[in-house]
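I have placed the structure first, in the form of structure tokens, so that the comments after it can refer back to it.
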There are 2 protein chains.
Amino acid sequence: MALKKFGSQTVKFGNPPSIVSTYTIVGPKEGEGPLKDYFDMILEDDMWGQESFEKSEAKIQEETIKAALSNGNLTNQDIDYLLSGDLLNQIISSTYTARALSIPYYGLYGACSTMTQSLSLGAMLIDGGFADKVICATSSHFSSAERQFRFPLEYGSQRNFGAQWTVTGSGATILSSEGNGPYITYATTGKIIDMGIKDATNMGAAMAPAAVDTLVTHFKDTGYSPSSYDLIISGDLGKVGKNIVLDLMKKEGYDLSSMYTDCGVEIFDGEAQDTHAGGSGCGCAAVVLNGYIYKEMMKGKFNRVLIMATGALHSTIINQQGESIPGIAHAITIDINNS
Amino acid sequence: MALKKFGSQTVKFGNPPSIVSTYTIVGPKEGEGPLKDYFDMILEDDMWGQESFEKSEAKIQEETIKAALSNGNLTNQDIDYLLSGDLLNQIISSTYTARALSIPYYGLYGACSTMTQSLSLGAMLIDGGFADKVICATSSHFSSAERQFRFPLEYGSQRNFGAQWTVTGSGATILSSEGNGPYITYATTGKIIDMGIKDATNMGAAMAPAAVDTLVTHFKDTGYSPSSYDLIISGDLGKVGKNIVLDLMKKEGYDLSSMYTDCGVEIFDGEAQDTHAGGSGCGCAAVVLNGYIYKEMMKGKFNRVLIMATGALHSTIINQQGESIPGIAHAITIDINNS
């Protein structure tokens, strides 16, 4: 069998898997932002009746996946694999969701790159003939992330202007070997890139070089140029990281100014919502993809999108031991037509 | 294309990927145990010149993979994907290893099930045509695991008799689309099973029901019986979990008494080494597979082996909030012949 690899880090799917259902649930703050009309459910209270932030996040992910199943007229019995992960230690939101759903499960850890990591692997499992239907999902929660990675909320730490706001929300995509699109046509898998950033309040700068590495590799591997895409969107670089990407890509000879943005920039109104550099967290790319991008593709606004979720693989324990924050970015091409 | 699924949770590989290189590094305690002659390198000091347990674990994983590459006359440029994970928060041993190796990387979290999770996915990526060569790896370290999941070592907590001893070590397997075996022929992906165990010193009991679920599913999906195998081995259930599996499998109608054991039971001499119920940790299944099992298969002792690494997806934060410990088990069949 001929290898489906295109260049060094990209695969082209022979029978591109189709997105057949999506669902998104977001918190109240995300539900007041510029993309509010694209989300399927907006919570009034980000605790959602649970007794801890972590249990709330797990409930959000579980209910998102159940609704994606229901939206696609599917049950857990129709699904071959669940591929999911999140930011919490031991990816517990995903674990407890997988427990409730009783679907064969592979847990992933790609920090905020998880949405496109799960879609890349999910598309490979389908195109490789190992599955008919796969669920790809992730979630994040502002309060569980803040207390795990930074400061207790009660401490009231002042946020610097490079800091980002972890999105409370979950997005799920159901991929199928059969469907009417949009289709996942290419996947470019990232390498870890680490330029030495040690500041956990400046994740955009830590992730941007990985984003540039994956973008340049994607264009070289596929022969596509930026203008091949109606939209190129990174996961959660925020304003700081977005501007670094624009600058570094220009130095590499690619002008992204007319079609590139970042999910973290789009999800909040930074001035009005006091979110500083923008949104972050696994949930950021997940809800923007499964809300805004999917729905606008179905309406005809975008025919071909490159979405690249970006992960800062930040660990408090080894960061406190003096290590820097490694970044990674995985890109997938989504086409409205399969031809 | 016909789906390669066999039954509900198993795939059969059309062109079974071959193991072309393995390597194992273990700590001093593992190097005094019954399997010491099967490990490629035994450390004299489990800190290995590093300033923290975490950095030592990362070095162990990195050097294991580099040696597996060298063993196979390969370089990082020959490898399409690195699939790895470990027990540490944000799987930092794997992340920093991936940073050093510069190979397209998918991070996994399956707790102690990671070795067979990575081999299952790696085999799918090769058989699906997305890769020629994949590295599957994991690691654990007694000291980094104890302080993250249980007590600071300095506290000198007394260990109960159901407790297990996290293996210090790393194992890596390089899979290839071409090779002379042993071959990965089947993969049975586990669901999460949680029978309500909340005791973090009794992981064997938490994982055993998942092991039974995956074993029964594997036999039903493939038509194999226990006697189809020369060896059936679970990852790190220890003595407590192993006995639960034997009992529960007998109730399901399967007598495993003549060919079943557990990596955690085999790696230490529980009496002489004071390891109580046995070994645990991602590294346990990794070094027993890539050391003992691989080498004995090459020598002709075993022709067909079912290895099933078992994960206790234990999170201290949600365990402290009253939640139980979910278990999972992924099984793969390794055949010396591809026919």
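Throughout, protein chains are lettered first and strands after them, A, B, ... in sequence-line order, and every chain is numbered starting at 1. Values below: every heavy atom of this structure, side chains too, minus hydrogens, waters and symmetry copies.
With sequence neighbours excluded, no residue satisfies ring pair (Phe, Tyr, Trp, His ring centres under 6.0 Å) with B:Y105. Applying the ring pair (Phe, Tyr, Trp, His ring centres under 6.0 Å) rule to A:Y183 yields no partners; only residues at least two apart in sequence or on another chain are considered.
By the 30° and 60° cut-offs, the orientation of the rings of A:Y106 relative to B:H330 is tilted.
The choice from B:Q90, B:K191, B:R99, B:Q117 that makes the most heavy-atom pairs within less than 4.5 Å of chain A is B:Q90. Contact count against chain A (heavy-atom pairs under 4.5 Å) is highest for B:G190 among B:A98, B:G110, B:G190. With respect to chain A, the highest number of heavy-atom pairs below 4.5 Å among B:I328, B:L88, B:L121, B:T114 belongs to B:L121. Ranked by heavy-atom pairs under 4.5 Å with chain A, the list B:T95, B:T214, B:L82, B:T217 is led by B:T95.
For the residue pair B:Q9/A:D80, the side-chain donor-acceptor check at 3.5 Å is not satisfied. Using a 3.5 Å distance cut-off with no hydrogens or angles, the side chains of B:S177 and B:D132 do pair a donor with an acceptor. No side-chain N or O of B:D86 forms a donor-acceptor pair with one of B:S139 less than 3.5 Å apart. A donor atom on one side chain and an acceptor atom on the other are found under 3.5 Å apart for A:S324 and A:D194. Of the N and O atoms on the side chains of B:N338 and B:T185, not one donor lies less than 3.5 Å from an acceptor on the other residue.
With a 4.5 Å cut-off on non-hydrogen atoms, B:I103 touches chain A through its backbone but not through its side chain. With a 4.5 angstrom heavy-atom cutoff, A:T316 touches chain B only via backbone atoms. In this structure, no portion of A:I193 lies under 4.5 Å from any heavy atom of chain B. Heavy atoms closer than 4.5 Å to chain A are found in the backbone of B:A131, but not in its side chain. Of the atoms belonging to A:A187, not a single heavy atom falls under 4.5 Å from chain B. Looking at A:H314, the atoms closer than 4.5 Å to chain B (heavy atoms on both sides) all sit in the backbone: N, CA, C or O.
At distances below 3.5 Å, at least one donor-acceptor pair connects side-chain atoms of B:T310 with backbone N or O atoms of B:D236. Side-chain N or O atoms of B:T116 include one that pairs as donor or acceptor with a backbone N or O of B:A309 at under 3.5 Å. For B:T75 (side chain) and B:Q77 (main-chain N/O), a donor-acceptor pair under 3.5 Å exists by modelled atom type.
Open room surrounds CE on A:M195; 12 or fewer heavy atoms of other groups in view lie less than 6.0 Å from it. More than 12 heavy-atom neighbours from other residues, nucleotides or ligands sit within 6.0 angstrom of NZ on B:K5.
Within residues 140-149 of chain B, the residues having any heavy atom less than 4.5 Å from a heavy atom of chain A are, in residue-number order, B:R147, B:Q148, B:F149. Residues of residues 48-57 of chain A lying under 4.5 angstrom from chain B, judged on non-hydrogen atoms, are A:E51, A:S52, A:E54, A:K55 by number.
Rounding to the nearest 0.5 Å gives a distance of 10.0 Å between CD1 of A:I60 and OG1 of A:T97.
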